[in-house]
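Below, chain A is the first sequence line, B the second, and so on; all start at residue 1.
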Amino acid sequence: MLQVNYIRENREKVLERLSVRNFKQPELVDEIIRFDEERRQTQTSLDNLSAIANANAKQVGELMRTGKKEEAEVLKTQTANSKEQSKVLSEQLAVVEQQLYQALVQLPNLPGEQVPSGATPEDNEVTYLHGAPAELHGNALPHWELTAKYDIIDFELGTKITGAGFPVYKGKGARLQRALINFFLDRATAAGYREMQVPLMVNEASGFGTGQLPDKEGQMYHSTVDNLYLIPTAEVPVTNLYRDVILKEDELPIKNTAYTPCFRREAGSYGAHVRGLNRLHQFDKVELVQVVHPDQSYAILEEMSTYVQSLLQDLGLHYRVLRLCGGDMGFTSAMTYDMEVWSAAQQRWLEVSSVSNFEAYQANRLKLRFKGATGKTQLAHTLNGSALALPRIVAAILENYQTEEGVIIPEVLRPYTGFDRID
RNA sequence: GGAGGGAUGCCUGAGUGGCCGAAAGGAACAGUUUGCUAAACUGUCGUACUGGCAACGGUACCGAGGGUUCGAAUCCCUCUUCCUCCGCCA
């Protein structure tokens, strides 16, 4: 959520930045400014009325003490009258605050200066390309055939016990999952991130805090009896650790990492590209979350991007980095890098990580602030990134490392898997 | 699940209708003193909205929401949550 004060004072700039996103309802901006104006006026009237009422009440007390009962009675009836007025005003205030809020949450984050404008993935900017496509033997298979061939991931079995999109990992497949999780966590720890284990279900307030609610309600599994949501990413619980928190400046940057399963309903997404591990309802991911000083957030975005790339390099994968254009970025992001690995057998790029700077957009909703040296509190910036999401990495490893003699395990993973090939 | 007791500022903790945005102590920060450290002393020390160039004001917030009252941290109701005891249980 953007800050109203900022919108009010930078109307032109806000509109200009929103156009980079190809945002369809620029009229919201003026609506917000109007609601805010009305809110302040109502607030001021109410404050003034309350000030009088408070003064009167004080005087009543004084008169009662000094035994001037009749004067007190007169004052009492006066105050009773103004109470009606306050009631009307505070109802008005509640209405306009609600309208303001509703409008505000519909406004996406403003793209950062470097974000290319554009509407579709075609407008994304490739900022880096690493490696070259693996050269495969003639009988190379897509990963969903490899998993069946080596009996390491069983999609049908998962369908039986739960439904489509909930695979069962078997034997070396399960071990490979665990190896990747441990590898990613160890690397994150070495890079200064603190490992956290967090709840896999969150309440409504947390969903709001990071922006999944009300925007993407349908994406999350909802346990209605308890009104809890299964997390779509560790970003939700880990970032919400800092909801309603005022940090000290010297506590920044905060660097957390967490492994969690992630649950996504992915409503309405069926088709050729969701086969195998490409898109699942439950998958594993190691997430990075940072809370940083506003001056640092773009430098840290680069640092996180570099870190994620180092993982891909160590796994020996051919990948590219995209700077997402305004139209393709997530609602809450100010700038996003996507990392995509080349799926040799599918002949297409698979997104395996997304690293974003949210600037103060999440922090504003979370009320996540820090107190600077001057004693002034201000909103912190938040960032997160996947490091990494497992299924597509598994898919990429299986496809790119397949040989006639089986799938070769990348060197860095062998201490974790305890085997060097799947056959 | 049953019974009881709590929730106050960074922390401990007082406050049971007006003199309370809130005592006191601790922590923290600034200063004085000091050869250094410590101690002592003095001061500062919640958040948000809002008015004002500023000085300085106004309003709201004592877990959340509602109610009673001229007036609520204080009384009433609902909810959340924590603790103690019992039961059940990985």
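- Among the candidates A:V341, A:L311, A:L288, the single residue satisfying the side-chain contact (heavy atoms from CB on, under 4.5 Å) test with A:L388 is A:L311.
- When rounded to the nearest whole Å, the span between CG of A:L89 and P of B:U59 equals 15 Å.
- Residues of residues 236-243 of chain A having a heavy atom closer than 4.0 Å to RNA chain B: none are found.
- Near RNA chain B, meaning a heavy atom under 4.0 Å from it, residues 196-208 of chain A has no residue at all.
- For A:F166, the ring pair (Phe, Tyr, Trp, His ring centres under 6.0 Å) partners at least two apart in sequence or on another chain are A:H281.
- Counted by atom type alone, A:D186 and A:T189 present zero donor-acceptor pairs between their side chains at under 3.5 Å.
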Could you go through residues 27-40 of chain A and list every donor-acceptor pair under 3.5 Å that involves a side-chain atom there, pairing it with any protein atom two or more places apart or in another chain?
| from | atom 1 | to | atom 2 | distance (Å) |
| --- | --- | --- | --- | --- |
| A:D30 | OD1 | A:R11 | NE | 2.5 |
| A:D30 | OD1 | A:R11 | NH2 | 3.4 |
| A:D30 | OD2 | A:R11 | NH2 | 3.0 |
| A:D36 | OD1 | A:R39 | NH1 | 2.4 |
| A:D36 | OD2 | A:R8 | NE | 2.9 |
| A:D36 | OD2 | A:R8 | NH2 | 3.1 |
| A:E37 | OE1 | A:R40 | NH1 | 3.4 |

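- A:Q59 places its CD atom 13 Å from the C1' atom of B:G18, with the value rounded to the nearest Å.
- The distance between atom CZ of A:R369 and atom P of B:G46, rounded to the nearest whole Å, is 14 Å.
- For A:Y229, the ring pair (Phe, Tyr, Trp, His ring centres under 6.0 Å) test picks out A:H222, with sequence neighbours left out.
- Applying side-chain hydrogen bond (donor to acceptor under 3.5 Å, both in side chains) to A:S356 and the options A:N109, A:N384, A:T332, A:T336 leaves one that passes, A:T336.
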Q) Which parts of nucleotides 62-71 of chain B does protein reach within less than 4.0 Å, heavy atoms only, written one letter per nucleotide 5' to 3' as B for base, S for sugar-phosphate only and - for none? A) -------BBS
Q. For A:K285 and A:T260, what are the C-alpha separation, side-chain angles and deciding distance, and is it a side-chain hydrogen bond (donor to acceptor under 3.5 Å, both in side chains)?
A. CA-CA 6 Å; A:K285 181 158 64 69; A:T260 68; 5.9 Å; no
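- The side-chain hydrogen bond (donor to acceptor under 3.5 Å, both in side chains) test applied to A:Q92 returns no partner, not counting sequence neighbours.
- Across the protein-nucleic acid pair, A:Q3 atom CD and B:A48 atom P stand 11 Å apart, rounded to whole Å.
- At whole-Å resolution of the value, CG in A:D226 and P in B:C79 are 16 Å apart.
- Partners of A:E204 according to the salt bridge (Lys or Arg N to Asp or Glu O under 4.0 Å) rule, which considers only residues two or more places apart in sequence or in another chain, do not exist here.
- The pair A:E303-A:K255 meets the salt-bridge criterion, with a side-chain N (NZ, NE, NH1 or NH2) lying under 4.0 Å from an Asp/Glu carboxylate O.
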Q: Could you encode protein contacts along nucleotides 50-56 of chain B as a string, one character per nucleotide from 5' to 3', using B for base contact, S for sugar-phosphate-only contact and - for no contact, with a heavy-atom cut-off of under 4.0 Å?
A: SS-----
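- A:Y128 and A:Y319 have tilted rings, their planes meeting at an angle from 30° to 60° on a 0 to 90° scale.
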**Q.** Bracket string, RNA chain B, 5' to 3' - pairs by Watson-Crick or G-U geometry under 3.5 Å, | interstrand
**A.** ((((((((.[[[..)..(.....]]].(((((.......))))).((((((....)))))).[[[[[..)....]]]]])))))))....
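- A close approach under 4.0 Å does not occur between any side-chain nitrogen or oxygen of A:K371 and OP1 or OP2 of B:C29.
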Atom pairs and distances, side-chain donor-acceptor, residues 192-202 of chain A, under 3.5 Å, sequence neighbours left out:
| from | atom 1 | to | atom 2 | distance (Å) |
| --- | --- | --- | --- | --- |
| A:Y193 | OH | A:Q290 | NE2 | 3.0 |
| A:R194 | NE | A:N256 | OD1 | 3.4 |

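- Taking A:E359 as the reference, A:Y298 meet the side-chain hydrogen bond (donor to acceptor under 3.5 Å, both in side chains) condition, with sequence neighbours excluded.
- Checked for salt-bridge contact, A:E73 and A:K76 meet the test: a charged N lies under 4.0 Å from a carboxylate O.
- At a threshold of 4.0 Å, the pair A:D314-A:R187 counts as salt-bridged, since one of the basic side-chain nitrogens sits closer than that to a carboxylate oxygen.
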